[in-house]
Amino acid sequence: PRKNRGTEVLATWRKLPVSATFSYSYVRASEVDPGGGRRDVPLTPRHNLGVVGTWEKEGKARIGVELYYTGEQRLENNPYRDTSRPYLIVGAMGERTINKHWKLFLNMENLSNVRQTRWDPLLLPQRSVDGRRTVEAWAPLDGRVINGGARISF
């Protein structure tokens, strides 16, 4: 049997043209350990924190920045470590209105370039009993992502 308990806090602050949203969650998920006690459920961080801030000039432009923190999490069947590393993801976005039909945007995710492979390999030294060749993902795998484009409305 698993036991789950926790709390989540979400707050938004606005003073035009700036707004910020803060979120925090604490999760204590545990399961019965084969040794008789209790242990954390794998891939379930206890602490997650998010902060998103935006600035907007109505009808002209907006800019946003985001920070997301993920705390340690217990890992299972991972020969490289028993507990993950905590990490911070940083992102940013911008949008500019050209006219009533055109908007240009740029979205940048994981600017801190956090990747699980910066700490450990994904491939297992040998195939696991259940046939898997890789460890479970506990952090981003793709690193920095930047995209942009145009929005057209009719």
Side-chain angles (χ1 to χ4, degrees), residues 2 4-30 40-125 127-128 131-154:
R2 289 188 172 167
N4 300 301
R5 52 189 190 267
T7 188
E8 183 175 24
V9 176
L10 178 68
T12 300
W13 174 84
R14 288 188 184 100
K15 183 162 180 156
L16 295 176
V18 177
S19 69
T21 301
F22 305 89
S23 63
Y24 171 75
S25 65
Y26 173 83
V27 176
R28 181 66 199 260
S30 64
D40 287 345
V41 172
L43 303 175
T44 308
R46 283 193 191 177
H47 304 280
N48 282 294
L49 175 70
V51 179
V52 178
T54 59
W55 171 88
E56 183 172 4
K57 187 166 185 176
E58 187 77 31
K60 298 282 185 191
R62 74 179 146 160
I63 297 170
V65 177
E66 57 188 9
L67 303 165
Y68 294 105
Y69 169 82
T70 300
E72 293 180 347
Q73 34 193 323
R74 185 175 79 79
L75 303 178
E76 196 170 54
N77 303 321
N78 187 320
Y80 307 112
R81 63 179 65 240
D82 295 325
T83 305
S84 73
R85 300 261 316 250
Y87 58 88
L88 180 69
I89 303 286
V90 178
M93 62 79 64
E95 183 178 80
R96 174 82 167 117
T97 301
I98 305 302
N99 59 41
K100 72 178 193 171
H101 297 292
W102 287 85
K103 291 181 181 179
L104 300 177
F105 68 89
L106 180 65
N107 185 43
M108 300 171 285
E109 298 178 13
N110 196 2
L111 290 174
S112 45
N113 205 20
V114 171
R115 287 183 278 172
Q116 184 172 326
T117 54
R118 294 214 184 269
W119 294 295
D120 302 313
L122 292 177
L123 291 176
L124 292 167
R127 185 179 267 192
S128 69
R132 288 184 301 119
R133 296 180 185 265
T134 61
V135 297
E136 295 278 350
W138 51 265
L141 301 176
D142 54 359
R144 192 176 293 124
V145 176
I146 300 174
N147 62 64
R151 291 190 178 125
I152 306 167
S153 59
F154 299 97

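Computed from heavy atoms alone, side chains included, the values below leave out hydrogens, waters and symmetry copies.
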What side-chain donor-acceptor pairs closer than 3.5 Å can you find for residues 5-22, not counting sequence neighbours?
| from | atom 1 | to | atom 2 | distance (Å) |
| --- | --- | --- | --- | --- |
| Ser19 | OG | Thr54 | OG1 | 2.7 |

_Stepwise side chain to side chain contact (heavy atoms under 4.5 Å, CB included) test for His47 and Leu49_ = CA-CA 7 Å; His47 304 280; Leu49 175 70; over 6 Å; no
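- Here the closest non-hydrogen pair linking Gln116 and Ala139 is OE1-N, 3.3 Å.
- Rounded to the nearest 0.5 Å, atoms OG (Ser84) and CD (Glu136) are 12.5 Å apart.
- Among residues two or more places apart in sequence or in another chain, the side-chain contact (heavy atoms from CB on, under 4.5 Å) test is passed with Asp82 by none.
- In this view, Thr70 and Pro45, Asn48, Gln73, Tyr87 satisfy the side-chain contact (heavy atoms from CB on, under 4.5 Å) rule, not counting sequence neighbours.
- Closest non-hydrogen pair, Pro86 versus Tyr69, comes out as CB-OH, 3.4 Å.
- In this view, Arg46 and Asp40 satisfy the salt bridge (Lys or Arg N to Asp or Glu O under 4.0 Å) rule, not counting sequence neighbours.
- Atom CG of Asp142 and atom CG of Asn110 lie 7.0 Å apart (nearest 0.5 Å).
- Inter-residue side-chain proximity for Leu124 and Arg133 is flagged as unmet; no heavy-atom pair is nearer than 4.5 Å.
- Here the straight-line distance linking atom OG of Ser153 with atom CG of Asn99 works out to 8.5 Å at 0.5 Å rounding.
- Formation of a donor-acceptor pair under 3.5 Å by the Arg118 side chain with backbone atoms of Asn113 is found in this model.
- Counting heavy atoms from C-beta on, the side chains of Leu88 and Val114 never come closer than 4.5 Å.
- The stretch residues 49-74 participates, sequence neighbours left out, in these salt bridge (charged side-chain N to carboxylate O under 4.0 Å, His left out) pairs: Glu31-Arg74, Arg62-Glu95, Arg74-Glu76.
- Closest approach of Ala29 and Asn4 over heavy atoms only: CB-OD1, 3.0 Å.
- Ile89 contributes atom CD1, which lies 9.5 Å from atom CG of Leu111 (distance to the nearest 0.5 angstrom).
- For the atom pair OH of Tyr80 and CG of Leu123, the computed distance is 7.0 Å after rounding to the nearest 0.5 Å.
- The ring-ring contact (aromatic ring centres under 6.0 Å, His included) check on Trp119 picks up Trp138, with sequence neighbours excluded.
- Between Leu75 and Arg81, some side-chain heavy-atom pair lies under the 4.5 Å cut-off.
- Taken from CG in Asn147 to CG in Asn107, the straight-line distance is 5.0 Å, to the nearest 0.5 Å.
- Heavy-atom minimum distance, Pro79 versus Val135: CD-CG1, 4.0 Å.
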